[in-house]
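Encoded as structure tokens, the structure appears first; notes follow it.
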Amino acid sequence: MTFRTNLFAGAVALATSAIMATTSFADTVKVGFIGSLSSDTGLSTLRGAEIAIEELNAAGGVLGGKTIELVSADTGEDPTEGIKAYEYLAESEEVDFIISGSIDDVSLGWLPRMVEYQIPTLDTWTSYIGIIDNLVTDYDNYKPYFMNIASDEALATLYIDFGKDVLVDQMGWKSVVILQEDTAFGGAIHGLVAEALAPVAGIEVVDTIVYDVATVDFAPIFSNAQASGADFIYLISSVNSQVVSSQYVKLQVPMGMTGVNVAALGQEYWEDTGGAGGGISTLSPVPSVGFALDPVSQAFVDTYQAKYTSRPKFPHFNGFNAYHGLKQAFAAAEEAGGFNNTSWVDAMLGQDLVLKKDGEMWLRYAFWKPGEIEERTQRTYPHNARFDITAPYDDGAPSMVVIQWNEDGSAGVVYPDKFKTQDFGIPSWVKK
Amino acid sequence: MISKPLLRSLIIWAIFIIGMLLLPKIFALLGFSKGNLRTLIQACYLAIFAMSWDFISGRTGYISFGHPFLVGIGAYTTAILSYRFDVPVMYSIPIAVIVTMIGGTLFFLPALRIKGSYFALVTLAFMELMYQLVQVIRPDLTGGTRGISGIETLTRGAVNGYYLAVSLMLVIAFVLWAILKTRIGTALSAIAMNEESVKGSGLSTTKLKLFAFMVSACVAGIGGAFLAHYNGSIAPRALFDINFLFTIIVAALIGGSSTIIGPMIGAFFLTLLLEKLRPWLPGAERYFVYGGIALLLYMYQPKGLYAIFWQVVDRFRTRRGGQS
Amino acid sequence: MALLEVKNLSAFYGMAQSLHDVSFDVNEGEIVGIIGANGAGKSTLLDSIMGLTKTTGSILLDNEELTVANTAKIVSFGVGYAPERANLFPYMSVEDNLLVGAYTAREAIEQNLELVNTLFPVLKERRNQETSTQSGGERQMVSVGRALMTNPKVLLIDEPTIGLAPKVCNDIADALRKLNKETGLTILITEQNVNFALTLAEKLHVLETGHIRMSGTAEALAKDPKLNEAYFGH
Amino acid sequence: MFQILIQGLLLSGLYALIAVGFTLIFSVGRVLNLAYGVSLMVGGYTFFYTAQVLEMPKLVGVLLAIVVGAVFGLLKYRLLVKPLKGDHVAIEISTLILAVVIQAGIILVFGDATKILHSIIDGVWQFGTVSITANNVAAALGSWVLILGLYAFIKKTHIGRAMQAVSMDQKGAAISGVEPDKVNAATWVISGALGAAAGVFFASYTQLSPSMWVAPLIIAVAIVIVGGIGSIIGTLIVAHIIGFMEIITTTLFAAELRGVFTMILIIAVLVIRPRGLFGREEL
């Protein structure tokens, strides 16, 4: 009896909510967040957006005094749930703009929905070049999409310079063994390293070891790496990177190791690895761990830390991307008179936020325009974050920086020189 | 001459089909948003997978833990053909279904020799193997870990998508129902009860099992292929995943195993439950509550919602009967 | 004095009733036989005493009601059981099989082991052999031995001779007789082999399709024309 | 060769420990405990919380993990397995649902970030290109101790023999005075404790994450299928076959094919010899 009563009550509640959901108020603008509500990266984007929205609302609202309302939809980092989440935001909540903290395959999952609904969408986390390629090949359908983080392709260029300036000139390393996870990401980065880093920087690739992402025991893999006789290890890891890096530390592998290590991007890395992560260096989007901040970004961090006490205690780079990006999206909307037309895309493309530190250009939030060719890589990056990799970094932000975790738990930027806070080094157990 | 119970079933079917087809209109009248239809579309596909699972596992008692394997073959085949090789959808989907049926035969081989928990485990191994292979072998075709996005879609908009999905589901349900009304259906259920006795009665259990596996694989392949073209994207993590397996099995069981309507009820219940929890529990709590409800329901009534429905009806009937 | 009292016992498998109002007593120190054809309900009767079937009625051991207890409790009250199929643990050694029997009677292990070894010396020789590799007769001995290890007040034995050679049957009969004589253990035995039962038991009950049809001493029944007709006539 | 030998032994020891708790339930209770991986996860997170968050001594962490694992095993038996009264399919399905629920619960409590455990024992030795950590040696030795202890327990104690008895003949066990219910409960408790201990070691090898229950479950399933139900020694041997196969594949062939061979082995064994290499259906 009670079971049925409850069922009935539940049904009524569901029906009411369904009706409520369709009632939207004309004096609000709805922003949807899509991403994982339980990951540090997802929460960084969500909180960056929340702070930006609070500030915009406090400053008198947007688009002639409307308040911004934020609705979030959890993907649980599952591609299918991502599709449902996007549908929910688009059709149940009818949002005007979507900000995303999704990972690669989740973004790829909902992209066909974005094409269908044509809702302006800003991705702050995934850096997959394949998504930008969609804009290259099918601009008309994909044009509401923006990605304000430099894509994979950009990082290789920075890495070639890092290899030449630091690994070869400073460390005197001449040969490398590549440790690559068996994923599409791993394959793509491997191609860049083997075809670009090696020939340009003059580093010989002695061996490439591809490993399965579910690998439990890395001891034999590191043994093989040591047996290859190379001067250092180049690690490419985006999935379960903590495992390979902590085993490198626990096994005290007597070789230097650098590379792309997604786990080491956030401040919680040290806590999560329980300290088994010293010496790990990785490429990181900016603003990275250990990256000196300009006053505007610092103010954002102060607000953030006053407001949130739970993880992540310090926003990841995508939190900054969400904060600045959301403000840019609304600035563009003011210019274009709203979100739902092509003029918003044009206005968004015109956004150019320059953040200065000590009078110097420090960070820049701007987008590549369609057809605009980046000199060094000789390709276009429509709607992707504009990065500058031509020396001497004077007309934009770097695409990425290289950071390194020290054995005392601190971390700093080691490359490029302008942003550098410490020197690149090898862990204490590695003999020079 | 149509018998009376058959006629009654047919009438219930007709009402059910008309009801499902009119749902968008009813929703429009009630002022519900299109988002509800989107949810129902996902529910329809889940119902198809649950019916496919139930056709093997609910009927013959061979519990499949690798159903995502079959769904994934269907989805990947049509996605690769249409996205990579520009094969028109009208060819790529049938090919995908045939390939899935071949996959179903692979599935079938171990079932010739092993039963029960062992069969469940080997199918789980099939799924895991596929998960690893898809990422390793020819990522240029499968898209590796990221999968494929931008697959040609068959329809646009929630209403069209709904009609496609619901028609697909209803046709499959009706065909499965019709198959089970024949002698084959009775024999299949007998396998679950006592395989030896079926052997004794002179029917070929091997042929019967093969038939059940082929039908199940065919349905999974159709569902997987159409879902790939509805979602427009596929990824290994979305298909060869233990959470997906969980959803399929639980949908069939929560609704009511070895019935046709049960898996459909279960799929709609689970999908709506998960989606309607979203406004209140946006984060991980949602999966916790959703899983918890599924577990309690299953523990309380392993025969599913369909059985609960009839219990309630019976109680109501006897009470009424007692009074009159 | 009655050690085991069975009163109005009926047993059910699902909807089917396989025992009907069976009543009899077993006195302390007696050997009582239940004879009947295949399917008469002999195994069901013993299973029912052990709490392995659904029953109505009452079973008292030393005035303790058994029908409310589960099988393990019934064993610990003092009922040992050697079932028809022996139900041994095939991949365990003879000794381990016996030791499992001592699960609820750990204080008496050595004494009971000694008893089993004197009754069935062959088991001592084969103590490390897995029972799956043993002959039928030896398995039957392990089964009886295991039941003895539970330290029973009454021993239930279900058709110990089934499928065994006459020589082995005699060995078992001798062992049981010796057991009864030397330790005074009460035994309830079922048999299809009437001759075997007649030579062993003092009192007999004839079970037919779940009913007790006849009861009496071995001597009396041996002369009874009805029994002769049923089991020895054609 | 030395490298393969030593790394193979270390990994295989861990795998054996992972599998043995799963084998136990499968053999005695005849059910697949799909929430077995969750026991490992529960153990790992308990250790993490006590030793790394509360910074209590590591030994306390390990012991507490084992206790929590045992309690978790008992709860699973009392709340799920027993009410379902031996319906194998229902137990398998409900343990699967439970695993998914607990995964969500772990995300709720700890977040879904991957965590790395401290080495339980510090220290590392270098032999040429081979690094050996004290932690992994301890894990392998610990596995052996636990497995041999379990073996002795099963062969030499009353409750252990009762567990074998229940696995071979339920009726025979009951008429010997063994209560299958209590023995089953004990089996779930022991399996939970073993799983939790394995979880601490497994997590100290790899990582803690809310989805970490899947990998050890697959390892356990692989070992049990290939080894066959019921033989602890068989489990031990197959754990070494699979462990060494992984190390050899990784060292001499291609590291990315590590898992593929294991899956192919499972399918091949099940098709050719469904009982497994050492299986005889009993413990």
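Letters go in sequence order (proteins before strands), and every chain restarts at 1. Given the structure is predicted, the values throughout are model-derived calculations rather than measurements.
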Trace of the side chain to side chain contact (heavy atoms under 4.5 Å, CB included) decision for A:R113 with B:N231: CA-CA 8 Å; A:R113 290 292 177 274; B:N231 279 345; 3.5 Å; yes

Under 4.5 Å from a heavy atom of chain B, the part of A:V210 involved: neither

Rounded distance [0.5 Å steps], OH in A:Y88 versus CG in B:N36: 10.5 Å

Using a cut-off of under 4.5 Å for heavy-atom pairs, which of B:A238, B:G150, B:G144 has the most such pairs with chain A? B:A238

Give a yes or no on whether a salt bridge exists between B:R146 and A:D152, defined as a side-chain N under 4.0 angstrom from a carboxylate O. yes

In terms of heavy-atom proximity below 4.5 Å to chain B, should A:I103 be classed as side chain, backbone, both, or neither? side chain

Whether over 12 other heavy atoms sit under 6.0 Å from B:F288 CZ: no

Less than 4.5 Å to any heavy atom of chain B: does that hold for the side chain of A:I83, its backbone, both, or neither? side chain

Please name the pair of heavy atoms, one in B:L274 and one in A:E81, separated by the smallest distance, quoted to 0.1 Å. CD2-OE2, 3.6 Å

Carboxylate-amine/guanidinium proximity below 4.0 Å for B:R38 and A:E116: yes

Bottom line for B:L239: the part with an atom under 4.5 Å from chain A's heavy atoms is neither

Heavy-atom contacts under 4.5 Å, residues 126-141 of chain A to chain B: A:Y128

Below 4.5 Å from any heavy atom of chain A, which atoms of B:Y45 appear? Answer side chain, backbone, both or neither. neither

Taking the side chain as everything from C-beta on, heavy atoms only, tell me whether B:P282 gets closer than 4.5 Å to A:F33. no

What distance do A:E87 atom CD and B:E275 atom CD have between them, rounded to the nearest 0.5 Å? 8.0 Å

Evaluate the side-chain proximity of A:L108 to B:S233: yes if any heavy-atom separation is below 4.5 Å, no if none is. no

Rounded distance [0.5 Å steps], CG in B:D241 versus OG1 in A:T80: 8.5 Å

Ranked by heavy-atom pairs below 4.5 Å to chain A, first place among B:T145, B:T142, B:T271, B:I148 goes to B:T145

Taking the side chain as every heavy atom from C-beta outward, state whether A:D74 and B:Y287 have any pair of such atoms under 4.5 Å apart. yes

Hits for side chain to side chain contact (heavy atoms under 4.5 Å, CB included) against A:A85, two or more places apart or cross-chain, chain-then-number order -> A:I34, A:A73, A:T75, B:R278

